[in-house]
Amino acid sequence: MIVEDLGLTNQQIEKMEQFKSFVDSEIEPLASHIDVEEGVPDSVLQRIIGQGYWGATVPVEYGGANMDYVTYGLWNEEIGRTCSNLRNIIGVQGMVTSSILRWGTKEQKQYWLPRMSSGELMVAFAITESQIGSDIKNIQTKAQRVGDEYVISGQKKWITFGQRADVYLVFAQSEGQAVALLVEKNTPGLTVHPISGLLGFRGSMLAELEFEECRVPAKNLVGAVGFGLALVANHGLTHGRYSTAWGAAGLAQACMDASMKYVGGRQQFDHYLKDHQLIQQMIADMVTNTMAAKHLCHRAGQLWDQNDTSATFATSLAKYFSSVHAFKAATDAVQIHGANGISNDYPVQRYLRDAKVMEIVEGSTQIQQVLIAQDAFTHLNQ
């Protein structure tokens, strides 16, 4: 029903079925393990790479799968339905590769993108700092130009996949202007500190990065000096919001599926839970809002594929609605499961923890509200 209402092409439906089959057989059985062990085994990453899904939106000429944005969204939805950690990691790969594809030089695209698409080099998007979250214009990391190099000093925190990445797209200030630089993990002066014990996204392998006079070639500058935040970072973050929106819609679907299965098989007071009206109300809200989230995501994807300037606004709408609904759906799913809902024997407790993080990453719920309201006021005054 939801697939037909989205108006997907036959090719997109076929790809979605492929994604679902792969995720159900190769990812879902390991999702709980990834959460508990707080990391993704390389063997799992290699399975995804082997399917050709790693460089999802990268053109074929650079070794990617060249997915259109709607298809890429469906990939994020399916993997987000089973493992938010892997969806998060895949989203970050897209944040970096899309930034290089949009703002990198011809030489950078030819050198970096094939190696990133093949999984030879795995990447992370390093913008957040311990004291700087959404206020990215005030990042404190410095990059001083010295001859043909940049010397980087500072720290980054909460960097998804930071423990495992081979290359980081690092955002810094250089004489008052923002820059984006590709920094390899083996660069002298770079230290990686793993972060553990998180509420959700435990398997996303977050890290804190310390830069002590790290020297990187000036040719690693992505975009012009001064473009680091306004263009490169914002492009990457918008790509991440799109991935997160679809992942949240997938997580909401998982909450709905788990809840419907549970209420159909459990009896209380001589009736199945599905026959209680208050349970039906929760299920109805899940169904309605999950469908609405998918429609918003699909619309954003269509606009991206059309190179429409309103795609950024549509992405904020999708991310805002999908993440808020995913958390509500996860809360209701735990409530429906009762004491079982807080047990490791059922996945809904993991869904709840991961859903909360989705309201924070790639621009919090409140940031999306500000962006949406500002856009609305702008159009009102036109």
Side-chain angles (χ1 to χ4, degrees), residues 45 48-49 52-69 72 75-76 88-128 136 139 141 143 145 148-150 152 156 159-162 164-172 174 177-187 190 209 211 214 216-244 304-305 307 311-312 315 362:
L45 300 176
I48 297 172
I49 293 168
Y53 299 153
W54 199 248
T57 58
V58 177
V60 174
E61 64 183 295
Y62 300 120
N66 197 36
M67 291 182 192
D68 61 77
Y69 267 84
Y72 176 65
W75 164 232
N76 279 270
N88 191 31
I89 291 168
I90 286 168
V92 167
Q93 306 308 301
M95 291 170 72
V96 175
T97 55
S98 68
S99 296
I100 296 173
L101 187 63
R102 177 67 179 85
W103 298 108
T105 64
K106 179 180 179 181
E107 291 74 21
Q108 287 174 337
K109 295 174 187 178
Q110 292 176 339
Y111 179 77
W112 294 104
L113 290 179
R115 302 170 72 194
M116 292 175 178
S117 297
S118 69
E120 176 189 347
L121 294 178
M122 297 186 180
V123 297
F125 194 86
I127 190 167
T128 309
I136 60 174
I139 56 176
T141 300
R145 180 69 183 261
D148 293 333
E149 295 180 318
Y150 277 94
I152 305 174
K156 298 291 180 180
I159 307 306
T160 295
F161 208 46
R164 173 64 179 81
D166 303 295
V167 181
Y168 306 93
L169 183 57
V170 179
F171 296 87
S174 181
Q177 298 191 84
V179 293
L181 294 158
L182 290 164
V183 182
E184 296 188 71
K185 190 174 188 176
N186 59 5
T187 303
L190 171 57
L209 313 178
F211 301 91
C214 293
V216 299
K219 66 181 181 180
N220 286 15
L221 178 72
V222 178
V225 173
F227 289 2
L229 297 181
L231 299 181
V232 183
N234 281 332
H235 179 84
L237 289 170
T238 302
H239 190 283
R241 286 169 190 161
Y242 180 74
S243 169
T244 302
W304 277 109
D305 284 330
N307 292 316
T312 299
T315 298
E362 320 310 353

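Remember, it's a predicted structure, so these values are computed and weren't measured experimentally.
In this structure, A126 and I159 approach most closely via the heavy-atom pair CA-CD1, 3.7 Å. Nearest heavy atom pair, residue V222 against residue S99, reads CG1-O, 4.1 Å. For the residue pair F171 and A180, the shortest heavy atom distance occurs at CE2-CB, 3.6 Å. Of all heavy-atom pairs spanning K109 and I100, the tightest one is CE-O, 3.6 Å. The two residues G63 and S117 come nearest to each other via the heavy atoms O-CB, 3.5 Å.
Note that NZ of K185 is 9.0 Å distant from CG of L209, once rounded to the nearest 0.5 Å. The line from CG of N76 to OG1 of T244 is 8.0 Å long, rounded to the nearest 0.5 Å. The CH2 atom of W103 lies 4.0 Å from the CG atom of L231; values are rounded to the nearest 0.5 Å.
Remark: of the listed residues I49, V96, I89, I49 is the sole one forming a side chain to side chain contact (heavy atoms under 4.5 Å, CB included) with M122.
The side chain to side chain contact (heavy atoms under 4.5 Å, CB included) test applied to E184 returns W112, V167, N186, T187, not counting sequence neighbours. Applying the salt bridge (charged side-chain N to carboxylate O under 4.0 Å, His left out) test to E61 and every residue at least two apart in sequence or in another chain returns nothing. Residues passing the side-chain hydrogen bond (donor to acceptor under 3.5 Å, both in side chains) test with T57: none are found, sequence neighbours excluded. Applying the ring pair (Phe, Tyr, Trp, His ring centres under 6.0 Å) criterion to Y53, with sequence neighbours excluded, gives F19, F22, W75. In this structure D166 satisfies the salt bridge (charged side-chain N to carboxylate O under 4.0 Å, His left out) test together with R164, sequence neighbours excluded. The side-chain hydrogen bond (donor to acceptor under 3.5 Å, both in side chains) test applied to T312 returns no partner, not counting sequence neighbours. Every side chain to side chain contact (heavy atoms under 4.5 Å, CB included) that N66 has, sequence neighbours left out, goes to P59, V60. Partners of A224 under the side chain to side chain contact (heavy atoms under 4.5 Å, CB included) rule, at least two apart in sequence or in another chain, are F227. Shown here are the ring pair (Phe, Tyr, Trp, His ring centres under 6.0 Å) partners of Y69, two or more places apart in sequence or in another chain: H239, Y242, W304. Checked against ring pair (Phe, Tyr, Trp, His ring centres under 6.0 Å), F211 has no partners two or more places apart in sequence or in another chain. In this structure D68 satisfies the side-chain hydrogen bond (donor to acceptor under 3.5 Å, both in side chains) test together with Q12, T71, sequence neighbours excluded. For the side chain to side chain contact (heavy atoms under 4.5 Å, CB included) test, residues two or more places apart in sequence or in another chain that qualify with E120 are R115, S118.
The main-chain N or O of G55 is never found under 3.5 Å from a side-chain atom of Q93 such that the two would form a donor-acceptor pair. Under a 3.5 Å cut-off, the side chain of Q108 and the backbone N or O of K219 do form a donor-acceptor pair.
Between L182 and V216, every side-chain heavy-atom pair lies at or beyond the 4.5 Å cut-off. T141 places a side-chain heavy atom less than 4.5 Å from the side chain of I152. A heavy-atom distance below 4.5 Å is found between the side chains of I139 and L229. Taking the side chain as every heavy atom from C-beta outward, L221 and V179 approach each other to under 4.5 Å.
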Review point. F161 and F125: ring-ring contact (aromatic ring centres under 6.0 Å, His included), yes or no, with the steps?
Key: CA-CA 9 Å; F161 208 46; F125 194 86; over 10 Å; no

Point to revise | Check against side chain to side chain contact (heavy atoms under 4.5 Å, CB included), T97 and Y62 | key: CA-CA 10 Å; T97 55; Y62 300 120; over 6 Å; no

Exercise for review: Test L101 against V58 for side chain to side chain contact (heavy atoms under 4.5 Å, CB included), laying out the working first.
Suggested key: CA-CA 8 Å; L101 187 63; V58 177; 5.5 Å; no

Check your understanding: Between W54 and I90, is a side chain to side chain contact (heavy atoms under 4.5 Å, CB included) present by the stated rule, with each step listed?
Key -> CA-CA 7 Å; W54 199 248; I90 286 168; 4.1 Å; yes

